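To start, the structure itself, in structure tokens.
Not measured: the values here are computed from a predicted model. Note on naming: letters A, B, ... go to the chains in the order of the sequence lines (proteins, then strands), and numbering restarts at 1 for each one.
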Amino acid sequence: MFKYLARRLALLIVVVLGVTLMTFSLMHLAPGDPAEMIAMARYGLDNLTVEDIEQIRVEESLDSPVSVQYLCWLRHTLHGDFGCSLITGDPVMEEILTRAPATFKLALAALLISMLIGIPAGIIAAARQSSIFDYLAMTGALLAASVPNFWLGLLLILLFSLTLGWLPVFGYGGLRCIILPALTLGAGLAAITTRLTRSSMLEVLQQDYITTARSKGLPEARVMYNHALKNAFIPLITVIGLQLGHLLEGTVIVESIFAWPGLGKLLVDSIFARDFSMIQGCVLFFGVVFVLVNLLVDIIYMYLDPRIRFEREF
Amino acid sequence: MSWFKMLARNKLALIGLIIVILLVLSAIFAPLLAPHSPSEQRLEQALLLPSMEFPFGTDDLGRCIFSRIIFGARLSLLIGITVTAICAVTGVFIGMLAGFYGGIVDEVIMRLVDIFLAFPGLILALIIAGLMGPGMFNVMFALALVGWMGYARVVRGTVLAEKQKEFVETARALGATDLYLMYRHLLPNVMAPIIVMASVGIGHTILAAAGLSFLGVGVQPPTPVWGLMLKDGKGFLQTAPHLTIFPGLAIMVTVLAFNFLGDGLRDLLDPRLKEKRIE
């Protein structure tokens with residue numbers, strides 16, 4: 001157990017180093033002079049002077065070799081100094097921590113919505129296998145799994161905001177604002193949850209103890225909930241856990257559609273603005289959260305199902 | 001053609017296959033099929049609703065959306081197929097090395113796979129393509145870089161199991177070299193899962209590429225690309241929703257078709273895999 005945790009944390013360090021190093025090299029290999037672009041973003045195209053560009057080059061130490069710059073960035077980061085946005089000048093970590101709650105809220109809401117849709121739909125589909133409910137749930141899941149989330153978001157806006165006028169097109173704060181983004185982000189996970197709940201329930205329902213419970217004369221509802229559902233949950237939790245990372249991934253697109261002030265939008269905006277220090281901060285943050293979430297899921301899984309032991313595998 | 005008959009028995013797979021064939025044909029014969037030029041602007045005919053002349057209507061610059069979608073199939077398929085092929089070949093090669101040689105080679109390769117899997121792929125692709133700047137090559141490079149790990153894992157697993165078997169031992173005893181063993185004896189055994197994964201993978205890649213285009217990364221206007229058309233349509237959602245509806249539908253149908261085809265191939269090539277869904 002301890003060895004496993006140590007390995008995973010080592011992986012975390014390698015991942016973060018690897019990704020930040022790659023981002024760093026890319027930023028400096030990319031076409032265009034970074035100093036010029038920062039100057040353009042800060043002062044506008046019309047007020048650009050050569051002196052300003054040179055001053056930025058010296059200020060941001062863009063004139064030293066990439067390796068030196070990276071080590072310099074790394075040293076600062078390890079000291080808890082994540083630098084300032086090249087465009088606005090705000091501290092990077094402050095901005096990320098301001099934005100993070102919005103992303104986590106969105107991800108949690110999406111997770112909640114997908115559970116609320118997926119688990120009941122899966123249970124009904126399994127309990128009434130091959131019925132019209134089963135057919136509808138499975139078709140719905142198939143469509144929800146293959147609909148591009150950026151398209152779904154736009155369709156939801158079209159229906160619920162523009163046509164029916166029930167929900168706002170975008171905005172932040174309040175329950176009404178989060179429904180559409182969360183639904184867009186959670187649709188894929190809802191589909192996975194539905195399918196998995198169904199197949200997992202069907203498998204459990206074939207077990208001997210279910211037959212026993214039924215032959216004891218227990219009411220069907222009790223068999224379903226007390227005996228079947230609890231056992232069907234274990235595989236469900238793993239897969240949902242594995243999908244949590246992908247939920248974070250989806251925030252990049254969903255936040256852009258709904259102008260949601262989270263990390264995903266921050267990252268996309270920073271990429272377009274070539275705000276290098278902000279991109280680095282986001283990459284660092286996403287990497288750490290992604291690895292930690294997956295680790296947490298593994299640990300929860302291990303407690304739920306003691307048969308599983310992590311000896312060799314990661 | 002018995003495999004075709006078997007595939008045809010699976011209704012969804014058949015639908016998938018037919019749609020994929022239609023897509024490929026429309027990509028090849030785009031100039032013949034499209035009623036209008038995909039780039040010709042007719043500003044006086046902007047934002048027209050679907051009609052006989054413009055089956056899917058026109059966009060804000062008066063371009064025929066139907067024609068743009070047909071031409072868009074070219075780029076989508078090109079990106080989807082090329083990137084998936086690169087990922088599959090890379091994954092097979094790397095996974096084969098890891099599984100066949102084991103030991104330190106395996107350790108190093110699998111840790112590399114872990115590292116790549118430990119960061120959300122689409123975000124990585126977004127950063128890479130975004131920083132490398134606009135262009136189709138950059139998108140393909142970014143998607144290929146984040147897409148090979150699944151193949152490597154599957155191939156490694158299969159090779160680990162297969163290389164224990166007697167036929168490999170026999171061939172080795174007869175003097176087969178490592179390369180010969182990998183190519184003649186192990187490669188055929190990994191082909192079935194790889195073909196299935198690649199079929200689903202083309203759909204995923206097209207989806208990811210469209211997502212990147214939607215964010216504004218990658219192929220730039222005025223090239224007809226489905227993701228970009230959606231991005232442009234976003235601004236006209238209220239007045240002209242057809243700008244958004246049709247390109248999105250094209251993406252979804254394409255992704256569904258490759259998924260159906262992949263599922264059908266899975267049942268066909270390896271019935272044991274039927275229950276397991278490959279990511």
Side-chain angles (χ1 to χ4, degrees), chain A residues 8 11-12 14-19 22-23 25-32 142-143 145-155 157-158 161-163 169 192 195-196 199 242 245-246 248-253 256-257 264 267-268 270-272 274 276 279 282-283 286-287 290-291 294 314, chain B residues 12 110-124 126-135 138 142 145 203 206-208 210-217 226-227 230-231 233-234 237-239 241 244-245 247-260 275 277 279:
Chain A
R8 286 294 290 257
L11 176 69
L12 173 66
V14 178
V15 166
V16 170
L17 278 181
V19 179
M22 199 196 61
T23 325
S25 330
L26 272 175
M27 289 190 296
H28 291 273
L29 293 174
L142 181 68
L143 291 178
S146 29
V147 64
N149 53 8
F150 40 95
W151 190 50
L152 179 65
L154 295 178
L155 290 186
I157 291 178
L158 185 60
S161 309
L162 299 180
T163 310
V169 176
I192 295 173
R195 280 183 186 159
L196 208 77
S199 64
L242 287 175
H246 293 277
L248 281 178
E249 195 170 69
T251 58
V252 175
I253 282 175
S256 294
I257 301 174
L267 177 63
V268 174
S270 307
I271 288 176
F272 283 112
R274 308 225 148 226
F276 296 158
I279 298 175
C282 289
V283 167
F286 269 114
F290 195 72
V291 174
N294 285 342
F314 252 45
Chain B
L12 286 183
M110 291 327 283
R111 289 303 81 86
L112 194 68
V113 169
D114 284 335
I115 292 171
F116 268 92
L117 285 175
F119 197 81
L122 190 67
I123 295 183
L124 195 57
L126 170 72
I127 295 169
I128 296 171
L131 287 178
M132 284 175 70
N138 294 346
L145 199 67
I206 290 176
L207 190 60
L212 291 181
S213 302
F214 180 77
L215 288 175
V217 169
W226 296 341
L230 269 179
K231 178 183 191 278
K234 206 170 98 178
L237 201 53
Q238 184 138 33
T239 47
T244 305
I245 290 173
L249 205 60
I251 299 171
M252 182 164 169
V253 168
T254 308
V255 175
L256 261 178
F258 279 106
N259 281 346
F260 285 163
E275 289 303 309
R277 296 207 154 258
E279 284 279 314

| message | Could you check whether any side-chain heavy atom of B:Phe116 comes within less than 4.5 Å of a side-chain heavy atom of A:Val15, counting everything from C-beta outward? | response | no
| request: Indicate yes or no: at least one non-hydrogen side-chain atom of A:Ile157 is less than 4.5 angstrom from one of B:Lys234. | output: no
| request: Would you mind reporting whether B:Ile251 and A:Phe150 have side-chain heavy atoms less than 4.5 Å apart? | output: yes
| message | Measuring from atom CZ of B:Phe260 to atom OG of A:Ser146, what distance do you get when rounded to the nearest 0.5 angstrom? | response | 6.5 Å
| task | Compare every heavy atom of A:Pro148 with every heavy atom of B:Met252, then report the nearest pair and how far apart it is. | result | CB-CD, 3.9 Å
| query | Do you know which of B:Leu215, B:Leu230, B:Val255 has the most heavy-atom pairs with chain A at a distance under 4.5 angstrom? | reply | B:Leu215
| said: Nearest 0.5 angstrom please: B:Ile123 CD1 to A:Glu249 CD, how far? | reply: 6.0 Å
| remark: Highest number of heavy-atom pairs under 4.5 Å with chain A among B:Ile128, B:Val217, B:Asn259 belongs to B:Ile128
| Per-residue contact mode, A:Leu143 against chain B (heavy atom under 4.5 angstrom) | both
| said: Quick one: does any side-chain atom of A:Trp151 pair with a main-chain N or O of B:Thr244 as donor and acceptor, under 3.5 Å? | reply: yes
| If you round to the nearest 0.5 Å, how far is CZ of A:Phe290 from CZ of B:Phe119? | 8.5 Å
| Which atom pair, heavy atoms only, marks the closest approach of B:Leu256 to A:Leu142? | CD2-CG, 4.0 Å
| message | I need the minimum non-hydrogen distance between B:Leu237 and A:Leu154, along with the two atoms involved. | response | CD2-O, 3.6 Å
| Looking at A:Ile253 and B:Gly211, what are the two nearest heavy atoms and their distance? | CD1-CA, 4.0 Å
| request: Give the member of A:Leu248, A:Leu12, A:Leu152, A:Val19 that has the highest number of heavy-atom pairs under 4.5 Å with chain B. | output: A:Val19
| task | Identify which part of A:Val16 has an atom lying under 4.5 Å from any heavy atom of chain B, answering side chain, backbone, both or neither. | result | neither
| request: Check each atom of A:Leu155 against the heavy atoms of chain B and say whether the ones under 4.5 Å are side chain, backbone, both or neither. | output: side chain
| Distance from A:Met22 atom CE to B:Leu131 atom CG, nearest 0.5 Å? | 8.5 Å
| message | Heavy-atom pairs under 4.5 Å with chain A - which of B:Ile115, B:Leu207, B:Leu124, B:Leu126 has more of them than the others? | response | B:Ile115
| said: Quick check on the interface: out of A:Ile279, A:Val283, A:Asn149, who has the most heavy-atom pairs with chain B under 4.5 Å? | reply: A:Val283
